[in-house]
Amino acid sequence: MRPGVDLVRVAEVAAALDRFGPRYLRRVYRPGEVTDPARLAEHFAGKEAIFKALRCDPRLPLPWRDIEVVRGPDAAMSVVLHGHARRWAASQGITRIDLSTSQRDGVAMAFAIAH
C-alpha cells in the first residue's frame, strides 16, 4: 500500500478560479468534477494525494485531468484514472485507490491509499 495526503486552502482554489476561470477548470478538472470552490478544493487535494500515492516520476508529470475524483450518491469518494495515470498505475501493479476527503475552516484535506 502507498499512502498520499494533501491540504489545500479553499481560498487558493477560489483565487485560481477568479483569475483563470474556465481555463483553470479545463486544465485541472474533468466536467463531472466542476462544482463550487470548496468541493473543487477537495478534489484538488484528492488529486495531489493520489499523485503522491502513485509515486509518479517527477520528470514525467501526469496531466491533472488523468485523475478524476468522483463523489457517489452516498457522498463516498472514488477515483477513476484515465490515460497516462491509468497506464502508470498498471505498470506499478496498482489496482485500486481509496480516497477520503474532508474540509474545515477553509481547508480541504485528502488522504489516498494506492493498493
Side-chain angles (χ1 to χ4, degrees):
M1 293 193 306
R2 298 176 177 182
V5 67
D6 198 64
L7 297 171
V8 175
R9 285 182 171 62
V10 174
E12 291 175 8
V13 171
L17 189 55
D18 287 343
R19 182 170 181 200
F20 301 108
R23 189 174 77 183
Y24 169 72
L25 293 174
R26 282 190 308 272
R27 181 173 180 251
V28 178
Y29 303 96
R30 297 184 75 84
E33 294 179 291
V34 176
T35 183
D36 63 90
R39 293 281 188 227
L40 290 173
E42 278 188 39
H43 288 218
F44 192 92
K47 290 171 184 269
E48 283 281 359
I50 293 162
F51 281 131
K52 292 172 183 174
L54 290 174
R55 297 194 179 127
C56 301
D57 184 339
R59 296 169 295 164
L60 304 168
L62 298 175
W64 288 101
R65 291 173 45 97
D66 276 8
I67 296 175
E68 183 177 11
V69 176
V70 179
R71 181 179 296 276
D74 60 354
M77 304 300 273
S78 61
V79 176
V80 179
L81 299 179
H82 302 274
H84 297 298
R86 184 178 58 229
R87 288 188 291 278
W88 174 260
S91 77
Q92 300 299 301
I94 295 169
T95 58
R96 185 178 94 231
I97 299 174
D98 293 324
L99 178 68
S100 180
T101 67
S102 184
Q103 56 179 295
R104 182 176 176 187
D105 299 328
V107 177
M109 183 279 305
F111 180 74
I113 298 177
H115 300 270

Open item on the list: Walk me through whether R96 and D98 qualify under side chain to side chain contact (heavy atoms under 4.5 Å, CB included).
Closed with: CA-CA 7 Å; R96 185 178 94 231; D98 293 324; 2.9 Å; yes
Open item on the list: For R86 and V80: C-alpha separation, side-chain torsions, deciding distance, then whether side chain to side chain contact (heavy atoms under 4.5 Å, CB included) applies.
Closed with: CA-CA 8 Å; R86 184 178 58 229; V80 179; over 6 Å; no
TODO: Mind running side chain to side chain contact (heavy atoms under 4.5 Å, CB included) on V79 and I50 for me, showing each step along the way?
DONE: CA-CA 9 Å; V79 176; I50 293 162; 3.5 Å; yes
So, taking the atom named [atom1] in [X] and the one named [atom2] in [Y], what distance separates them when rounded to the nearest 0.5 Å?
{"X": "L99", "Y": "I113", "atom1": "CG", "atom2": "CD1", "value": "10.0 Å"}
{"X": "D66", "Y": "C56", "atom1": "CG", "atom2": "SG", "value": "9.5 Å"}
{"X": "D105", "Y": "R9", "atom1": "CG", "atom2": "CZ", "value": "11.5 Å"}

- [ ] Could you tell me whether the side chain of R65 and the main chain of V28 form a donor-acceptor pair under 3.5 Å?
- [x]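 Not confirmed, R65 side chain does not pair with V28 backbone.
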TODO: Would you indicate whether the side-chain heavy atoms of R104 and M109 approach each other to under 4.5 Å?
DONE: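 The answer is no; the side chains never approach within 4.5 Å.
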TODO: Would you mind reporting whether S100 and M77 have side-chain heavy atoms less than 4.5 Å apart?
DONE: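 Not in contact.
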Open item on the list: For K52, is there an ion pair with D6 - N to carboxylate O distance below 4.0 angstrom?
Closed with: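 Salt bridge flag = yes for K52 with D6.
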Task: Connected via hydrophobic side-chain network under 4.5 Å: V34 and V8 - done: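 Linked, V34 and V8 end up in one cluster.
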- [ ] Treat each ILVMFWY residue as a node, draw an edge where side-chain heavy atoms are under 4.5 Å apart, and state whether V107 and V13 are in one component.
- [x]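 No, separate clusters.
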Open item on the list: Could you check whether atom CZ of R2 has more than 12 heavy atoms from other residues, nucleotides or ligands sitting under 6.0 Å from it?
Closed with: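 Atom CZ in R2 is crowded, with more than 12 foreign heavy atoms closer than 6.0 Å.
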[X] and [Y]: which non-hydrogen atoms are nearest, and at how many Å?
{"X": "A110", "Y": "A49", "answer": "O-CB, 3.8 Å"}
{"X": "V5", "Y": "F111", "answer": "CB-CD1, 4.1 Å"}
{"X": "A108", "Y": "Q103", "answer": "CA-CB, 4.0 Å"}
{"X": "I97", "Y": "A112", "answer": "CG2-CB, 4.3 Å"}

Residues 14-27, side-chain donor-acceptor partners within the protein, below 3.5 Å, at least two apart:
from, atom 1, to, atom 2, distance (Å)
Y24, OH, Y29, OH, 3.0

Task: Stepwise side chain to side chain contact (heavy atoms under 4.5 Å, CB included) check, I94 with L81 - done: CA-CA 11 Å; I94 295 169; L81 299 179; 5.6 Å; no
Task: Qualifying residue, where the test is side chain to side chain donor-acceptor pair (under 3.5 Å) with K47 and the options are E33, E68, E42 - done: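 So, applying the side chain to side chain donor-acceptor pair (under 3.5 Å) to K47 and each of E33, E68, E42, only E33 qualifies.
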TODO: Kindly state whether the ring of W64 and the ring of F51 have centres lying under 6.0 angstrom apart.
DONE: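 Ring centres of F51 and W64 closer than 6.0 Å.
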Open item on the list: Between R30 and H82, is there a side-chain donor-acceptor contact under 3.5 Å, judged purely by atom types and distance?
Closed with: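 The criterion, which ignores hydrogens and geometry beyond distance, is satisfied for R30 and H82.
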